[in-house]
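Structure first, commentary second.
Reckoned from all heavy atoms, side chains included, excluding hydrogens, waters and symmetry mates.
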Amino acid sequence: MIYFDNSATTKPSQEVLDSFLTVSETYYGNASSAHQFGLDADKLLRKSHQQAGQIMNVEPTEIIFTSGGTEGNNLAIKGVALAYQKRGKHIITTTIEHPSVLSACQALEELGFNVTYLPVNQSGVVEVESVKEALQADTILVSIMHVNNELGTIQPIKEIGELLKNRPTTYFHVDDIQGFGKISLDLKRSYVDLCSISGHKIHGLKGTGLLYVKEGIRLFPLFHGGGQQTDKRSGTENLAGIVSLVRAMRLITEQKLHHPEYLDHLNQQLRQRLQEIPEVVINTPEGQAPHILNFSIPAYKPEVVLHALEENHIFVSTKSACSSKRTDESAVLRAIQLPRERTTSALRVSFSFQNTDGEIELFVRVLKRIIKELSKVMG
């Protein structure tokens with residue numbers, strides 16, 4: 001079996017599963033309880049905040065553990081918007097954001113907020129000048145993803161942060177769910193105020209994630225209740241999930257440190273092999289995120305190719321897992337003005353550190369055979 005859909009979700013590592021089981025069995029007390037089981041759980045929770053802060057080079061108090069990327073993005077966007085709406089109601093984002101960002105912004109528009117959706121250039125990158133021109137006196141939030149989940153394009157986060165650093169009334173949120181552990185991002189040096197990550201994208205468990213919130217930023221909470229996590233995210237903490245998330249963060253950070261060029265090597269190998277197939281057109285520009293490669297096979301339905309690959313125990317995706325069932329056309333590829341024959345025939349391969357050169361070789365051989373077989377049927 002070859003699994004090339006790691007941007008949709010990853011296989012949890014054994015170390016992550018072990019940590020989840022150990023905490024579930026041993027530290028099952030409620031961290032808010034005053035007895036010893038509660039105190040032990042609270043101690044482990046505080047340690048998790050410290051370790052996550054160390055990995056991200058931020059303060060432990062700036063970490064809010066969430067249920068994943070969707071909650072993190074919603075908490076950042078709605079939390080800032082509702083907390084600071086008396087200051088302003090203008091938000092800036094891009095047309096190629098994850099649905100959890102776009103839908104959150106659209107929901108805020110129903111509440112009277114004004115959202116500017118910036119286009120991207122033909123390389124899938126938002127121009128810093130476009131952000132500058134879109135800024136208004138009442139802009140309270142700019143939300144831009146680090147790495148696009150379909151195309152793999154990297155946004156100029158540091159440059160946008162530089163642009164915003166002298167605007168104390170405008171906060172900068174970055175969706176780093178596809179970037180964390182693959183593309184370095186220094187939150188402090190990039191002047192990022194809020195940052196979301198998700199556990200199941202880095203060999204952690206579904207239902208785990210975190211939101212970095214710079215000290216001093218207020219959030220209107222999505223959940224009201226017992227006031228956990230400094231009243232920003234009420235609810236009994238998922239301690240086993242939190243510990244497993246921190247474990248996953250540490251593991252992928254170490255993998256990237258010890259094998260910094262590995263994902264790029266896989267990407268280049270696949271790119272070179274795909275260029276040998278006349279029917280294939282590569283959509284992801286050179287020099288983007290190493291773990292994502294998007295390509296089209298015009299005139300071939302992507303679902304047909306996907307299922308033919310699946311019959312050979314090879315798993316890829318047509319688009320983002322959060323939008324792949326909605327429409328035949330990729331909104332991201334449409335946003336970079338590709339012709340419809342490519343926007344409706346795209347496939348995405350996404351790697352992890354567990355993939356190999358041999359898997360790429362077998363994938364290309366099978367893909368060539370599938371294209372040949374389909375051309376006979378169509379011919």
**Q.** Residues E62, K214; criterion salt bridge (charged side-chain N to carboxylate O under 4.0 Å, His left out); working and verdict
**A.** CA-CA 6 Å; E62 296 177 315; K214 185 179 177 182; over 6 Å; no
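Expressed to the nearest 0.5 Å, how far OG of S198 lies from CD of Q178 amounts to 9.0 Å. Remark: D175 CG to H98 NE2 distance equals 7.5 Å, nearest 0.5 Å. One distance of note links CD of Q122 with CD of Q337; it measures 5.0 Å at 0.5 Å rounding. Here S244 contributes atom OG and L21 contributes atom CG; the two are 11.5 Å apart, rounded to the nearest 0.5 Å. Here the NZ atom belonging to K232 is positioned 9.0 Å from the CG atom belonging to L75, to the nearest 0.5 angstrom.
What you find for I77 and S143 is that their closest heavy atoms are CD1-OG, 3.8 Å. For the residue pair R247 and S19, the shortest heavy atom distance occurs at CB-OG, 4.1 Å. Of all the heavy atoms in S123 and T153, the pair that sits closest is O-CG2, 2.9 Å. T94 and I144 make their closest contact through CG2-CG1, 3.9 Å (heavy atoms, listed as atom of the first residue, atom of the second, distance). Heavy-atom minimum distance, E329 versus T344: CB-CG2, 4.0 Å. Across every non-hydrogen atom of G29 and A41, the tightest pair is O-CB, 3.4 Å.
Between the side chains of N6 and N355, at least one donor N or O lies within less than 3.5 Å of an accepting N or O. Residues H291 and D264 bring no donor and acceptor atom of their side chains to less than 3.5 Å of each other. The closest side-chain donor-acceptor pair between H224 and S234, if any, does not fall under 3.5 angstrom. Side-chain contact annotation: S352 with Q354, donor-acceptor N/O pair under 3.5 Å present. Side-chain contact of T318 with E303: a donor-acceptor pair under 3.5 Å is absent, judged by distance alone. Residues T284 and Q288 bring no donor and acceptor atom of their side chains to less than 3.5 Å of each other.
Applying the ring-ring contact (aromatic ring centres under 6.0 Å, His included) rule to Y300 yields no partners; only residues at least two apart in sequence or on another chain are considered. In this structure, the salt bridge (charged side-chain N to carboxylate O under 4.0 Å, His left out) partners of D186, at least two apart in sequence or on a different chain, are R189.
Using a 4.5 Å heavy-atom cutoff, the side chains of E361 and Q269 are not in contact. Taking 4.5 Å as the limit, every side-chain heavy atom of V349 sits out of range of all side-chain heavy atoms of D5. S7 is listed as a side-chain neighbour of R348, based on a closest heavy-atom distance under 4.5 Å.
Listed for the H35 side chain is a donor-acceptor partner under 3.5 Å among the backbone atoms of G38.
By the neighbour-count criterion of 12 heavy atoms within 6.0 Å, atom OH of Y28 is sparsely surrounded, having that number or fewer from other residues, nucleotides or ligands. The neighbour count for H313 NE2, taken as heavy atoms of other residues, nucleotides or ligands under 6.0 Å away, does not exceed 12. Summarising the local packing, NZ of K165 is surrounded by more than 12 heavy atoms from other residues, nucleotides or ligands at distances under 6.0 Å.
With respect to K132 and E127, no salt bridge is recorded, no charged nitrogen being found less than 4.0 Å from a carboxylate O. By the 4.0 Å N-to-carboxylate-O rule, E276 lies close enough to R273 to be salt-bridged with it.
In summary, of the residues considered (V16, N238, L245), a side chain to side chain contact (heavy atoms under 4.5 Å, CB included) with L205 occurs for V16 alone. With L211 as the partner, the side chain to side chain contact (heavy atoms under 4.5 Å, CB included) test is satisfied by one option alone out of I63, I197, T66: T66.
Hydrophobic cluster membership is shared by L82 and L222, with clusters built from Ile, Leu, Val, Met, Phe, Trp and Tyr side chains linked at under 4.5 angstrom. Neither L141 nor L187 shares a network with the other; the hydrophobic side chains, linked directly or stepwise wherever heavy atoms of I, L, V, M, F, W or Y lie under 4.5 Å apart, form separate groups for each. I292 and L274 are members of different hydrophobic clusters when ILVMFWY side chains are connected at heavy-atom separations under 4.5 Å. Cluster annotation: I91 and V80 are assigned to the same hydrophobic cluster (Ile/Leu/Val/Met/Phe/Trp/Tyr, side-chain heavy-atom contacts under 4.5 Å, transitive). In the hydrophobic clustering of ILVMFWY residues, with side-chain heavy atoms under 4.5 Å counting as a link, V192 and I92 come out together.
H49 and F65 have their aromatic ring centers within a separation under 6.0 angstrom. Centroid-to-centroid, the aromatic rings of F37 and Y27 stay 6.0 Å apart or farther.
Between F4 and F351, the ring planes lie perpendicular to each other; the angle is over 60°, past the 30° to 60° tilted range. By the 30° and 60° cut-offs, the orientation of the rings of F295 relative to F363 is perpendicular.
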